[in-house]
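Ligands are counted one by one from 1 in listed order, and the atoms in each one are counted from 1 as well.
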Amino acid sequence: MSEPEFEHITVRRLHPLFAAEISGVDLTAPLAEPAFAEIAAAFNAHAALVFPGQRLDDAGQLAFARRFGDLEVLQKGAIGERTLLAGISNVDPATDDIIPADDPRLLRQYSNELWHTDSSFKRISARASLLHAREVPATGGDTSFACMRAAWDALPADRRALCETLVAEHDFAYSRALTVKDDFLTPAQKAEVPPVPQALVVANPRNGRKALYLASHASHILGWPRARGRALLDELTAHATRPDFVYTHHWRQWDLVMWDNRATMHRGSAYDYRRDRRVMVRATVAGDAATVSADDAARAAAAS
Ligand code: OGA
Ligand code: MN
């Protein structure tokens, strides 16, 4: 069903709760402001957008992503480190060969199969991610998205009251250790991503919609015994990712998918890493503010 309030784009819902496909727009050409404004509105409304058939190159993907704000620079150890585009890929950009399955550049990507939001391990976490399919595997490699607004709306009132003031600690080293070895990150890499506080509930300042803010990076609740916080985070994650809150995207080459990291979680799925090429390129739009002030984080840490 197309939504009549849009003049420059065609919007088709992909799921009853969130996610929409956008067509009728060519992102490889300069995008006029009225069309961009409608895309931005659709993004705030639907939280995840799929643009099929966009044959973007790096420059084109960067140009579109920059319309939404400043881009994040990648940390050390990632494919594309120190640049603005992340390779979510099993292909070595230097040699164009498939990367061995035990190469650290591939190992760190296995954690993408855990439910997460991008960069929640940074003090100012990412607002949006834009992932472009350059090469897709024959089977597998789908990406699932969970609607964290629906998850918030469906929480019982007492749970909402409990969560509203809580702060979770998010730690990149914690989430990596869930799928790879504890000592996977070098001390220098660890020092680059110290644990940070994040609100457990966030609101989109553009429309007031609240969402649970969870990720595999969330290790515990500040001010709570670890086991109790872990139990709450596990309970909320199970609730937030129940099947009716999830849209699974099956990629076609040249799809661009853009998601709101503060209104969704996502996770990748396995494919034949040794045989099938999968080359995805991600630009990440930085958030404009932290989800919790330093004062509120300190207050949460001191409470018990
Ligand atoms: C990402 C991510 C999952 C996938 O790009 O941030 O988590 O399926 N991707 O590639
Ligand atoms: Mn991700």
Side chain to side chain donor-acceptor pair (under 3.5 Å) with N207: which residues, sequence neighbours excluded?
none

Taking salt bridge (Lys or Arg N to Asp or Glu O under 4.0 Å) as the definition, give me every residue that meets it alongside D260, ordered by chain and number, with sequence neighbours left out.
none

Decide yes or no on ring pair (Phe, Tyr, Trp, His ring centres under 6.0 Å) for F18 and H46, but give the supporting numbers first.
CA-CA 5 Å; F18 75 128; H46 299 288; 9.4 Å; no

Pairwise, report which nitrogen or oxygen atoms of ligand 1 are under 3.5 angstrom from protein nitrogen or oxygen atoms, and how far apart they are.
unit_1   : atom_1 : unit_2 : atom_2 : d
ligand 1 : 6 (O)  : D118   : OD1    : 3.1
ligand 1 : 6 (O)  : D118   : OD2    : 3.1
ligand 1 : 6 (O)  : H266   : NE2    : 3.3
ligand 1 : 6 (O)  : R282   : NH1    : 2.6
ligand 1 : 7 (O)  : H116   : NE2    : 3.0
ligand 1 : 7 (O)  : H266   : NE2    : 3.0
ligand 1 : 8 (O)  : T143   : OG1    : 2.6
ligand 1 : 8 (O)  : R278   : NH2    : 3.0
ligand 1 : 10 (O) : R278   : NH1    : 2.9
ligand 1 : 10 (O) : R278   : NH2    : 3.3

Quick one, W259 with H266, criterion ring pair (Phe, Tyr, Trp, His ring centres under 6.0 Å). Give me CA distance, side-chain angles, the key distance, then yes/no.
CA-CA 9 Å; W259 60 86; H266 64 278; 4.4 Å; yes

Under-4.0 Å salt bridge between D142 and R267
no

Side chain to side chain donor-acceptor pair (under 3.5 Å), paired with K122, selected from H170, H217, E72:
E72

Provide the protein N, O or S atoms situated under 2.8 Å from the Mn ion (ligand 2); waters are not included.
H116 NE2, D118 OD1, H266 NE2

How are the rings of F68 and F64 set to each other: parallel, tilted or perpendicular (split at 30° and 60°)?
perpendicular

Run the numbers on F145 and F245 for ring pair (Phe, Tyr, Trp, His ring centres under 6.0 Å), then give the verdict.
CA-CA 8 Å; F145 297 88; F245 295 159; over 10 Å; no

Of the options H132, H249, Q54, which is the one that meets D255 in a side chain to side chain donor-acceptor pair (under 3.5 Å)?
H249

